[in-house]
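The structure appears right after this line, and notes come after that.
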Amino acid sequence: MNFKRLFKGPWLWIILITLAVIAIISLSSNADGYKSVTTGTMVSYLDDNKVKDVTFVDGDQQIQATLDDGKKVKSKYLGDQGARLVEQAEKAKAGKQLKSFDVKVPKSNPVLSVLFSLLPIILIFLLIIYMMNNAAGGGGRVMQFAKSKAKLMTKDTPKTTFADVAGVNEAIEELGEIKEFLQEPAKFQAVGAKIPKGVLLYGPPGTGKTLLARAVAGEAGVPFYSISGSDFVEMFVGVGASRVRDLFEQAKENAPAIVFIDEIDAVGRHRGTGMGGGHDEREQTLNQLLVEMDGFDVRGGVILIAATNRPDVLDPALLRPGRFDRQIGVEAPDLAGRTQILKVHSRGKPIAPGVDLEAIGRRTPGFSGADLANVLNEAALLTARNNEKTITNTSLDEAIDRVISGPQKRSRLMNEDERRITAYHEGGHALVAAALPQSDPVHKITILPRGRALGYTMVLPDEDKYSQTRAELLDKLAYMMGGRAAEELVFHDPTTGAGNDIEKATGLARAMVTQYGMTERLGAVRLGENESQPFLGRDIGHARNYSEAVAAVVDEEINKLISYAHQEAFDILNENRDVLDALVTELLEKETLDKSQVAEIFKPLRRREVRPAWTGSETRVPSTRPPVATIPGKSYSGTNGTNGTPVVIGPDSGSDAPTPAAGDVHGDPELP
Ligand SMILES: Nc1ncnc2c1ncn2[C@@H]1O[C@H](COP(=O)(O)OP(=O)(O)OP(=O)(O)O)[C@@H](O)[C@H]1O
Ligand SMILES: [Zn+2]
């Protein structure tokens, strides 16, 4: 039994104090052996001179008497009786009938009275501690609130290895150095090499940052301490800072070790931007972190690994050399990476012989490692639920859909009219996409309600893409409006189903105007800045750094882009009404159409010409000389720009439908 632990709990103290109080009270109370008699009896004892000695206890209005036969008695008297009784006793004393006579004014027991007056306060205090304990999630936390919650996972460290992390080879290469250092620090010290104290892993959620950090510890065989940045910023002021101190103390004692801080942006944001006037708790914690980082000696063998989704908001002081001077990006995986991750996670799962993991990887651009792990898990769950033995393509298909937009809503009854409207809406998206020359192939159309969407159309690039041209964006705008245009064309009355499409199209058009410089009128000028609110941790608005006049032009240009796209979509559908009807007929019957089925139906489609050249100005005349030829077979890895995310378009019941995991239309994440 851990006694130290026991003394930290409030209950033991409560019990001890209560026992002590009871003991003191019972000791000092009248365990004196006097027998109570009535006042009348006492008076008659005195009158009859039967009393040997007598004591008046004033405050208590009590007479204690010892009788001639040794009996001890006591009784109460009234206030004005006292004087008479004393007189009587004095007389008896004078007449020698009484041996001794005494008056006591009892002093109240000082310990007892202090205790009694403090008792309510103590009880309230204990109650407050108890309640705070509960609020903090139990476990006697308040009593040890300064102790870091970092957990030493196991003494023999995580079992994760680099083999468990796929598709992030660059990061693994960089971290390999850290691993070697932790294994053989002497080798590095001998040549005077300085190992980074801190490594910052940054990248989108679910790409395996935590997994990587654990793998370093697992590979090097050192203890792994992990804590989340938001844990620092908890409860009382000053606690965050002492947590940091404690965490490092613990790690140093067990060095070589890895300290992992997840969500470091929770503590590591720019200082001086907190809402509480700059001197908030977070800032103290950050300062302590900086102090610790400066103070610890790498030769001590503690290496700090931190992870964040938002490296842009971190305090520059953290990123300075000597702190997190090594920064490693962990990006969403590319096709090869996705295939590898799928392989890692399919280990130990019975995959049916016909399943091609690379094909799955091809269909899941934009998925993070966590999404892919989720796909395989969902597929396994479905397989078990259907009492099947192996994971088939069918269950993997369903699993991908689930990860994108939630489980099927079989119970949602759509009446025939609504189903037909949905079919035309989705058919509209798909047809416009297929008729335009620069858009990606239609991969799937479904009118099965799923999540909050009534149906969706998935338009996917054949390979990962990192940037998009203006013509591609114009095509995208057009097919985003395709659903709405189909409703207008066929039913003469649009529905609310296009709400989400309109929202995304407007976002895309705004970006084309204000960020990508894709209009003639405004040119290649960046308009406005995304203002990030560090304390709230997200962008709260768009700061306008341009005039009212320009704002009006921006609005006009956005409008122009959208209405052009809308008209284009409408015209394409009108020209191809026969194909649209054929598509809808198939959709109503089969509910879901895959790539080859769609391609078959679209064979007679009247396709649009490639858009004319555009440079944004008449004075910039495009050259007729072609670019140099590319070396066949050589691939270039993208550096930045858009990640090839599939576009999923669905008419939604509301505008606040969740963004599908992999389908963000204006998903143009600005890579850090
Ligand atoms: N590259 C990968 N290889 C294998 N599995 C991965 C990979 N990336 C993510 N996963 C899976 O996803 C899970 C979640 O990943 P992890 O917690 O490491 O992501 P993260 O980048 O730390 O996310 P966050 O930023 O949200 O904390 C892992 O436990 C693992 O199962
Ligand atoms: Zn739509």
Side-chain angles (χ1 to χ4, degrees), residues 158 160-172 175 200-216 226 228-230 260-266 305-311 328-334 336-347 361 367-377 403 421-433 445-447 453-459 479-487 494-505 569 647-653 655 657 660-661 663 665:
T160 320
T161 65
F162 285 147
D164 297 320
V165 200
V168 283
N169 299 335
E170 287 96 345
I172 289 181
L175 288 169
L200 180 69
L201 300 174
Y202 64 86
T207 45
K209 297 180 289 295
T210 312
L211 201 63
L212 269 171
R214 289 180 62 80
V216 177
S226 107
S228 164
S230 50
F260 178 68
I261 303 184
D262 206 356
E263 303 171 55
I264 190 156
D265 41 306
I305 300 184
T308 179
N309 304 328
R310 304 275 323 258
I328 303 178
V330 186
E331 299 302 341
D334 58 6
R338 289 195 300 276
T339 312
Q340 273 179 14
I341 293 173
L342 285 166
K343 281 202 182 112
V344 167
H345 285 277
S346 62
R347 268 190 234 145
F367 275 42
S368 68
D371 293 331
L372 292 169
N374 197 7
V375 165
L376 278 169
N377 191 47
V403 171
I421 295 174
T422 307
Y424 269 103
H425 180 110
E426 295 308 328
H429 284 307
L431 194 146
V432 174
I445 317 176
T446 176
I447 54 166
L454 298 175
Y456 69 81
T457 302
M458 192 190 264
V459 177
Y479 69 67
M480 281 167 155
M481 302 309 295
R484 167 65 176 256
E487 291 177 18
T495 71
T496 53
N500 193 250
D501 297 336
I502 291 172
E503 185 187 333
K504 290 183 173 176
V647 177
V648 178
I649 310 164
D652 327 288
S653 40
S655 60
V665 172

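Order of appearance sets the numbers: ligands from 1, and atoms from 1 within every ligand.
A donor-acceptor pair under 3.5 Å is absent between the side-chain atoms of Gln340 and the main chain of Ala166, judged by distance alone.
Annotation: side chain of Asn309 is in contact with side chain of Lys209 (closest heavy-atom distance under 4.5 Å). Using a 4.5 Å heavy-atom threshold, the side chains of Phe367 and Val403 count as touching. Side-chain atoms of Asp501 and His429, non-hydrogen and from C-beta on, do get closer than 4.5 Å to each other. In this structure, Thr207 and Val168 have side chains that are not in contact, with every pair of non-hydrogen atoms separated by 4.5 Å or more.
If you look at His425 and ask which of its N, O or S atoms sits nearest the Zn ion (ligand 2), the answer is NE2.
With sequence neighbours left out, the side-chain contact (heavy atoms from CB on, under 4.5 Å) criterion links Ala486 to Leu573.
Atoms OD2 of Asp501 and NE2 of His429, as seen from the Zn ion (ligand 2), are separated by an angle of 100°, to the nearest 10°.
Using a 4.0 Å cut-off between charged side-chain N and carboxylate O, Asp164 and Arg347 make a salt bridge.
In this structure, ligand 1 sits under 4.0 Å from heavy atoms belonging to Asp164, Val165, Ala166, Pro205, Gly206, Thr207, Gly208, Lys209, Thr210, Leu211, Asp262, Asn309, Ile341, His345, Gly369, Ala370.
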